[in-house]
Amino acid sequence: MFPYLEILVFLPAVAGVLVFFFPSEFPKRYYKGLGVLVSSVEFIVAAAMLVQFKTGVGGYQMISRYHWIPEFGITWSLGVDGISLFLVILSAILFPIAIFGSKETKDPKTFIAWMLILEAACVGSFLVLDLFDFFLMFELTLIPTYFLMSNWGFALGGRAAVKFFVYTFLGSAFLLIGILALVFIHDGGTGQVTFSIVALAHTQMSSTAGRLLFLAFSIAFLIKAPVFPFHTWSPDAYSQSPISTAIVLGGIMAKLGTYGIIRFDFQLFPQASRSLGWLILTLAVVGIVYGAITAAGESHLSRLVAYSSLSHMGFIVLGLFAFTQIGLAGAVLQMFNHGIYTAALFLLLGMIYARRKTLDTSKLAGIQSKAPVMAGIFTLVMLASIGLPGLNGFVGEFMILLGTFISHRWWAVVGVSGVVFSAVYMLWAYQKVFHRRDPEQRSFRDLSVREVATLVPLVILIVGVGIFPNLLLSRIDPSVHKVLSDATTQSVAYHSSLGKVAGR
Amino acid sequence: MLAVVTMPDLVTFIAAALAALVGAVGVVTLRHPVHAALMLVMTLFAIAVLFVEQGAQFLAAVQVIVYAGAIVVLFLFVIMLLGVDKRESIMPKNAVTWQLPIGLLFVIAILIELSILTKGVWATGTHSVTAAVNGVSNIAVLARAVFTTYLLPFEATSVLLVVAVLGAVVLSRIPRASTSEELALEMESDAKEEVELG
Amino acid sequence: MRYLFATILSGTPIKFPQISYAAIFPEAILIGVAVTVMLAVALIGRREATYGYTALGVGAALASGIWSYHLSQDVSTHGAKSVIGGSLAVDGFSTFFMILTSIGLIVTLLVAEAYIYKVGSRGPEFVALALLSASGAMLMESAYDLLVLFIGLEILSISLYVMVAFTTSRKLAKESAFKYFILGGFASALFLYGLALTYGATGSTNLAKIALFLSKNTLTSSGVLLAGMVLILAGLGFKVALVPFQFWTPDVYQGAPTTVTGYMSGVVKAAGFAALLRVFYVAFGTLRADWQPILLVISILTLLAGAVLAVVQKDVKRMLAYSSINHAGFILLGLYVATVTSLGDSLYYLFAYTIMSSGTFAVISMIADLEGRTEMSVSLEDLRGLSKRYPKVALSLAVLLLAQAGAPFTIGFLAKFSVLSAVIEAHHYALGIVAMLSVVIAAVLYLRITLSMYSATSDAGGDVETTQSELIPDVSLGAVMVELEIEDDTQAKVDSGIPIAAGVAVFLTLAMTIGLALDANPLVHFAARATLLR
Amino acid sequence: MSVPGSWYLILAAALFGIGAFGILVRRNILIMFMCLELMLNAVNLTLVTYSRMLNDIAGQVGVFFVLVVAAAEVVVGLGLIVSIFRGKRQVTADDLHILRG
Amino acid sequence: MGADPLLLGGVNLGVVILVIVKVLVAFAVLMVTVMLMVWFERKVISDMQNRIGPNRAGPFGLLQSLADGIKLFFKEDLVPDQSDRFVFKLAPYLAIVPAFLTFTIVPIGGYIDVFGYRTELQVADPPMGILLLLAMSSISVYGVMLAGWSSGSKYPLLGSVRASAQMISYEAAMGLSIVAVVLVTGSLSTRDMVISQQGSFFGVVPHWNILRLGVIPFVIFMIAITAELNRPPFDLVEAEQELVGGFNTEYSSIRFALFYLAEFMNTVTMSAVIVTLFFGGPDGPDPNFLHWLWPIIWFVVKTGVFAFIYVWLRAALPRLRYDQLMDLGWKVLIPLSLGWLLVIAGMQISKVAGFGMLVALVLGAGLLYRAFSVGKTTWGAASSLSSPAEKTPSLRRPKFGDASGSGGTRVITRITPEGVARGDTEVSNGRT
């Protein structure tokens with residue numbers, strides 16, 4: 001079989017490392033093209049994989065496995081299922097766009113190299129089936145991000161990068177301890193040291209141990225997502241990153257956290273996930289409301305997106321811990337959607353910044369009349385983010401709320417307020433930036449063809465997924481079902497409700 | 001315990017122990033390096049006497065030859081060569097005052113640890129693992145041990161001596177490297193370093 | 001004449017121990033080549049032929065390493081044994097460390113090539129001293145008797161005192177050399193006193209005999225033994241810079257020639273830990289309950305102090321000194337845990353650490369050389385814009401630093417992982433979290449250094465400050481681009497100034513840092529197989 | 001019957017302590033160095049005493065090695081001091097104040 | 001194993017008294033000998049210089065030394081103002097005590113029976129015997145050194161620094177030649193050494209160490225000991241022309257007398273030691289009566305010969321220059337004695353380990369000596385290499401990328417007054 005997954009992980013990694021060693025005579029202007037080229041090839045491979053992916057099958061597909069460090073029981077194993085599938089696709093879509101849309105002129109060689117390595121790390125994190133490998137990849141995302149943020153970021157990028165790094169690394173610290181503890185508990189029970197997710201899923205442990213491990217894992221994922229109250233790094237990081245990195249941060253890396261929750265928390269500690277679900281649910285709901293309120297008060301557009309992201313990630317977590325088929329499927333779908341429209345938002349912000357050198361809502365005004373194309377696309381993306389039916393944001397959010405309502409009614413009720421708030425702050429910001437009359441009547445160039453070309457794929461996805469969610473759901477559902485049935489014995493009861501929603 | 005100790009032994013021990021202690025205290029308290037060195041010699045001699053008292057004549061002689069004869073002489077030599085025979089006040093004004101209490105604490109810790117932990121039981125090991133000390137003269141026994149059981153460390157000491165010779169040669173050849181202008185720059189950079197770091 | 005044999009041959013005839021020349025070959029070749037170097041200088045007198053001397057030294061180290069590997073193969077087939085009257089152990093542990101020492105020595109010598117060229121007339125002596133000192137390290141690593149250990153320690157230390165003082169033309173260097181000397185001597189004295197008390201308590205200095213005695217006897221009063229143990233720990237702790245005894249490290253690391261600093265942080269630390277591990281595992285293995293609490297406190301302090309103090313430094317060498325303290329804490333964790341597998345984990349960490357640290361200091365030394373800075377002061381400011389001036393050097397340093405931070409796909413990560421796994425396996429979860437905390441703190445440090453290389457020069461830094469309110473260094477395409485392009489052309493060839501030997505050394509460490517992580521199993525397996533002779 | 005070994009050991013411990021104290025407190029480099037020698041001598045006394053108490057020659061062999069080591073250390077140490085302080089008048093550690101702990 | 005039979009039976013009052021008597025007798029004898037030695041030296045030198053020498057006090061001026069001593073004793077005792085008083089007063093004693101202590105290990109005869117106790121004719125016969133000589137000779141440096149230093153004056157200080165350097169330098173050679181003796185004796189005890197020299201080769205030639213060892217250790221020992229004693233031609237310590245009077249310039253009165261006494265006591269003692277080590281000590285023909293007396297006579301005669309030789313040397317030889325002195329010590333005597341030691345060791349071992357060992361060690365010794373002499377010549381050449389003119393790196397070091405770019409030739413960092421110059425690339429980056 002064609003090694004899609006290996007290529008997906010190693011192509012950008014090898015390309016990234018090679019770029020580092022390019023001779024300095026290599027003209028600088030070609031680097032960006034090179035980056036786009038590599039990531040586009042990556043996209044093509046990902047697309048081919050999507051075609052190859054068998055629908056209606058729950059487990060991992062295209063599994064490959066090599067013994068890497070037998071002494072530690074570490075293997076190098078890759079596999080994809082419905083949960084990781086669209087996250088990989090998301091990465092493969094967003095990276096070319098981020099690179100293409102990037103405006104970094106300083107040291108393009110290193111920039112491209114880091115971006116490609118970051119892509120490899122992100123894709124790798126989604127694809128690996130071995131806890132050790134996952135941790136490696138999970139960690140590996142930090143380093144490029146750190147450098148991208150501090151070297152190409154805004155003035156305070158360095159500080160934001162340190163904050164980001166310390167927060168997420170601290171989370172990883174717990175993750176690593178948790179992984180090791182789990183492995184040795186498994187070792188104690190079976191006498192077999194392994195890091196394989198599949199093998200570890202059936203580890204027998206006391207409920208206390210399970211809860212502690214669940215917390216250790218969750219902290220890492222909640223920080224990465226981010227979920228209230230671990231989000232404090234994110235506004236700084238989003239606002240100080242270069243646009244391309246912000247796209248990756250908000251669009252892809254945030255999903256690493258939620259992906260980790262499904263993949264590891266649910267599969268490895270199903271009981272603890274259920275018994276401590278209320279805790280995470282509460283955090284998620286608080287995050288939804290808090291993020292929305294804070295976003296409403298925020299005058300810096302990037303920070304606004306960061307807080308809105310907090311709110312939206314809260315929704316996703318809500319969907320996850322609802323422990324219903326529909327909620328979980330919605331959450332997985334929403335991960336994809338959120339990635340798309342967040343990326344689009346950041347791209348637009350970058351374009352605004354390139355023209356006005358500021359993202360402060362109080363200093364921006366009257367763009368709509370000068371740049372109608374931009375305003376139009378912005379409106380569309382914003383509406384998707386608010387969750388307007390027919391656009392992609394709606395499907396996921398609706399399924400999440402529905403799923404949560406089934407199992408955790410009151411949380412869902414509070415969560416709905418987030419939708420309302422998001423409409424408020426988004427429209428408010430839109431109104432300030434685009435509709436107010438600009439007192440100085442400064443000029444504002446509309447989007448160039450190139451910029452439109454950058455945005456078009458995302459717009460298509462926003463609309464397309466909104467209209468045909470089943471293209472995705474049909475691939476997501478079996479895996480979600482498998483996760484749930486592995487995690488719970490009662491999944492059959494909820495299965496029936498899936499039919500109604502899916503057939504909508 | 002005292003009853004079984006013979007008089008000459010007791011007298012010798014007390015005299016030598018006192019000399020050793022006085023010498024040691026002298027090294028630590030006397031301001032003048034030369035005086036301190038002399039006090040050190042006194043301690044070394046006293047220890048040599050204690051060696052003889054315990055039947056280690058060879059080591060006593062070597063102790064005097066190596067320590068008193070070579071080491072302290074080298075000390076004195078260096079003191080005179082450098083012309084640093086100035087008095088040093090024990091507590092210079094700018095001295096770091098924490099050193100004294102720390103030092104005291106450290107020493108008291110060692111002594112208390114030893115005296116309390118041991119509870120009077122000082123030696124718990126088995127008798128004669130390597131070779132028994134043999135009567136009046138143990139030089140042959142010592143030599144035998146050095147050339148059999150401890151052959152390897154004995155040979156290794158030769159490496160140590162090579163290192164020492166090499167080191168001494170290297171260290172004493174240093175100032176050749178500087179031309180006058182380098183020297184000038186060096187001083188300048190010294191001053192700069194002080195500004196940067198001091 | 002009759003008298004002679006009456007004296008010497010009276011009593012039992014002297015039974016000389018069987019000398020296993022194969023076992024001491026790694027040390028012997030180093031010593032032999034050191035002497036050869038000096039003889040060559042005396043007889044040929046060409047002191048400026050640095051490549052020749054370096055080649056001799058590297059050849060010796062290589063031979064020693066290869067022979068050690070051969071020995072380790074031998075051990076794995078025929079089993080470990082003690083040789084030469086039980087004073088040396090030939091086991092997986094000792095051969096592991098000998099190979100490690102050879103690698104460290106090779107790197108040191110290669111890096112030193114540029115340095116000894118600069119030192120001029122005293123260059124060959126440096127090579128000889130490095131070889132001798134490494135032979136001391138090897139002696140320490142395979143010592144099976146406390147006295148042998150002590151002699152090895154002193155051979156190592158005394159040559160090192162000289163190497164540290166090799167260029168004392170600057171005040172800082174003088175000071176650090178002396179500080180190192182006095183404190184090193186102090187540590188040796190502590191170790192010796194510990195040796196003496198241990199001898200008194202057990203009746204032997206041989207590790208196996210001590211262990212045998214302790215396993216057979218229950219001491220009525222273990223005070224002397226405990227005191228001896230603590231003093232030995234303190235003495236060796238000084239050498240490897242564990243926390244209450246670490247205060248000399250930053251000064252000495254900063255003041256010493258960077259080449260020597262690399263050597264100290266790599267080979268010397270490895271030797272110290274080898275001694276520490278062997279003494280505590282073999283001789284005091286039965287007293288585990290007594291030393292574990294002490295080690296727990298020390299390792300936690302070492303981990304945290306190393307990491308925290310490193311972050312507040314300004315000079316790169318000082319930072320790395322503190323970070324090496326942090327690493328020492330990790331290695332000690334393996335000893336503290338003292339499970340069957342933790343020894344191998346500690347060894348793996350040591351190996352990784354030695355490689356990374358030697359490499360890092362090699363690059364720092366290269367930078368100081370290339371930039372025309374003094375050896376002692378490479379501050380973060382100096383590193384600014386390094387990636388522009390010397391892209392390859394900067395990249396190497398970045399990789400090595402990231403490896404030290406524990407970045408994935410480097411041996412640094414695997415090392416931390418393996419020690420942590422030992423800690424967790426023994427159910428010390430809190431300790432594991434503390435260790436990871438220190439990693440997080442230390443990582444910030446490494447990233448800071450790396451970042452400063454990749455950020456603009458200090459001039460540009462000023463610009464950033466003025467435009468802070470304006471946020472981005474972006475977009476006004478034309479002018480900036482042209483400027484950058486011009487700058488690049490002038491600096492494109494700057495990397496060509498790298499001394500060949502040092503370049504090879506750095507490449508070697510880089511290759512091992514990455515290569516041994518990608519194909520991790522051989523080294524992991526090797527470290528796990530490096531068991532102690534008991 | 002000669003004096004019990006524990007007396008010697010206590011004396012040696014005291015000497016060791018005094019030497020250590022001296023190193024920590026004194027600022028004159030040469031005197032610090034002398035204190036180091038004092039400590040080594042205390043160790044020697046300990047070893048010889050144990051050698052007698054245990055009726056085992058190993059302790060004396062140890063002293064033998066310590067003497068060699070001490071000699072080597074002094075040679076290098078004094079060489080160091082001479083090379084450092086050549087042409088200076090004052091040999092106190094307080095002169096060395098750039099590096100603080 | 002030689003041990004004084006006196007002490008074997010346990011210690012009681014009689015033994016203690018006997019030991020004290022032995023000490024006192026030895027001291028008295030030594031003092032008298034020293035007195036005579038001073039006279040002897042002056043007389044002999046006078047003779048050699050065609051003078052008469054002391055002839056007023058006593059028969060042949062024999063009491064001249066006593067008279068001088070009494071005169072010095074009554075002179076004013078001056079302590080210089082700048083001196084370190086305690087050390088100044090201590091130094092003379094440090095000079096004289098080792099001189100006497102060395103004498104205690106010299107066996108001057110066989111055994112003697114007194115009051116039922118059998119004892120050796122030597123003050124003490126410790127098992128480490130000859131090491132005491134080394135110990136004491138190394139202690140005797142202190143007297144000279146501290147005397148010079150404590151005077152608080154430049155010339156004495158220079159004298160004492162010279163003295164200590166000289167004494168340390170020659171001690172090594174001396175020790176190595178003693179080791180040769182120990183090697184053939186198999187014991188450190190002086191009595192054992194003497195005993196091992198009894199007998200003869202082929203019944204004719206005495207079985208003395210000077211012959212057993214080949215003459216070389218003796219020559220080395222002789223030269224080294226002369227230097228240790230600071231006697232001519234190695235008396236740079238008290239070179240009047242250069243140093244006014246050496247380390248004892250500031251001394252007067254009885255303290256000066258003590259130094260003087262120490263020097264002559266050392267001369268006598270060392271003559272006795274040479275006899276003990278190389279000339280069989282009290283060994284000699286024994287005409288079968290007065291068994292206890294003959295050894296003493298032989299001993300005294302031999303010692304007298306060496307005492308004469310010392311005086312002769314003083315009269316005959318000019319003083320060495322300081323660098324010559326050091327060269328001789330380090331570059332000739334030490335390698336020579338090392339090499340010879342190897343040869344002797346080879347001879348000893350070859351009896352057990354076969355002839356090949358001897359050959360190997362002789363070869364080794366030859367190589368060793370050769371290496372030293374090569375080192376001697378090239379060391380100078382090496383140091384000229386590091387002279388500033390030649391240090392300028394004329395060589396271009398090969399670097400990465402040398403072939404490709406003309407700009408890539410980086411000359412090694414040079415430090416110039418203008419700043420740090422880095423060859424032909426980038427002279428300044430704005431922060432030199």
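Residue numbering restarts at 1 for every chain, and letters A, B, ... go by the order of the sequence lines.
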Next on the checklist: If you define the side chain from C-beta out and look only at heavy atoms, does anything of B/Thr43 sit under 4.5 Å from D/Asn41?
Outcome noted: no
Checklist entry - Any idea which of B/Ile47, B/Val165, B/Leu59, B/Leu74 has the most non-hydrogen atom pairs under 4.5 angstrom with chain D? => result B/Leu59
Checklist entry - Highest number of heavy-atom pairs under 4.5 Å with chain B: which of D/Val75, D/Leu78, D/Val68? => result D/Leu78
Next on the checklist: Looking at every heavy atom in both B/Leu171 and D/Gly79, which two are closest together, and how far apart are they?
Outcome noted: CD1-C, 3.7 Å
Checklist outcome for this item: In terms of heavy-atom contacts, B/Ala20 and D/Leu15 come closest through O-CD2, 3.7 Å
Checklist entry - Atom CG of B/Leu44 and atom CD of D/Glu37: how far apart are they, to the nearest 0.5 Å? => result 8.0 Å
Item to check | Heavy-atom contact with chain D under 4.5 Å, split by part of B/Ala156 | outcome: neither
Item to check | Any B/Val28 side-chain heavy atom under 4.5 Å of D/Val25 side chain | outcome: no
Checklist outcome for this item: Value for CH2 (D/Trp7) from CG (B/Leu10), rounded to nearest 0.5 Å, stands at 5.5 Å
Checklist entry - Side chain, backbone, both or neither: which part of B/Leu40 has a heavy atom under 4.5 Å from chain D? => result side chain
Checklist entry - Where on D/Phe16 is there a heavy atom nearer than 4.5 Å to chain B: the side chain, the backbone, both, or neither? => result side chain
Checklist entry - Tell me, do D/Val69 and B/Thr157 make a side-chain contact under 4.5 Å, heavy atoms counted? => result no
Checklist outcome for this item: Nearest heavy-atom contact between D/Ile31 and B/Pro33 is CD1-CA, 4.1 Å
Checklist entry - Side chains of B/Phe154 and D/Val61: does their closest heavy-atom pair fall under 4.5 Å? => result no
Checklist entry - Are any non-hydrogen side-chain atoms of B/Val78 and D/Phe33 less than 4.5 angstrom apart? => result no
Checklist entry - Given that the side chain runs from C-beta out, which part of B/Val27 has a heavy atom under 4.5 Å from chain D: side chain, backbone, both or neither? => result both
Item to check | D/Arg52 CZ to B/Glu53 CD distance, which is reported to the nearest 0.5 Å | outcome: 8.0 Å
Checklist entry - Checking B/Val25 against chain D: side chain, backbone, both or neither under 4.5 Å from a heavy atom? => result both
Checklist entry - With a 4.5 angstrom heavy-atom cut-off, which part of B/Ala70 approaches chain D: side chain, backbone, both or neither? => result neither
Checklist outcome for this item: CD1 of D/Ile57 to OG1 of B/Thr149, rounded to nearest 0.5 Å, is 10.5 Å
Next on the checklist: Tell me if the aromatic rings of B/Tyr150 and D/Phe64 count as close, with their centers under 6.0 Å from one another.
Outcome noted: no
Checklist entry - Non-hydrogen atoms of chain D under 4.5 Å away: do they reach the side chain of B/Leu142, the backbone, both or neither? => result both
Item to check | Reported CZ-to-CG distance for the pair B/Phe51 and D/Leu47, which is rounded to 0.5 angstrom | outcome: 8.5 Å
Item to check | Minimum heavy-atom distance between D/Val48 and B/Ala56, given as atom pair plus value | outcome: CG1-CB, 4.0 Å
Checklist entry - If you round to the nearest 0.5 Å, how far is CD of B/Gln54 from OG1 of D/Thr49? => result 4.0 Å
Item to check | Closest heavy-atom pair and its distance - D/Ala72, B/Leu160 | outcome: CB-CG, 4.0 Å
Next on the checklist: Under the criterion side chain to side chain contact (heavy atoms under 4.5 Å, CB included), I'd like the reasoning laid out for B/Leu50 against D/Leu45: C-alpha separation, chi angles, the key distance, then a yes or no.
Outcome noted: CA-CA 8 Å; B/Leu50 293 175; D/Leu45 186 55; 3.9 Å; yes
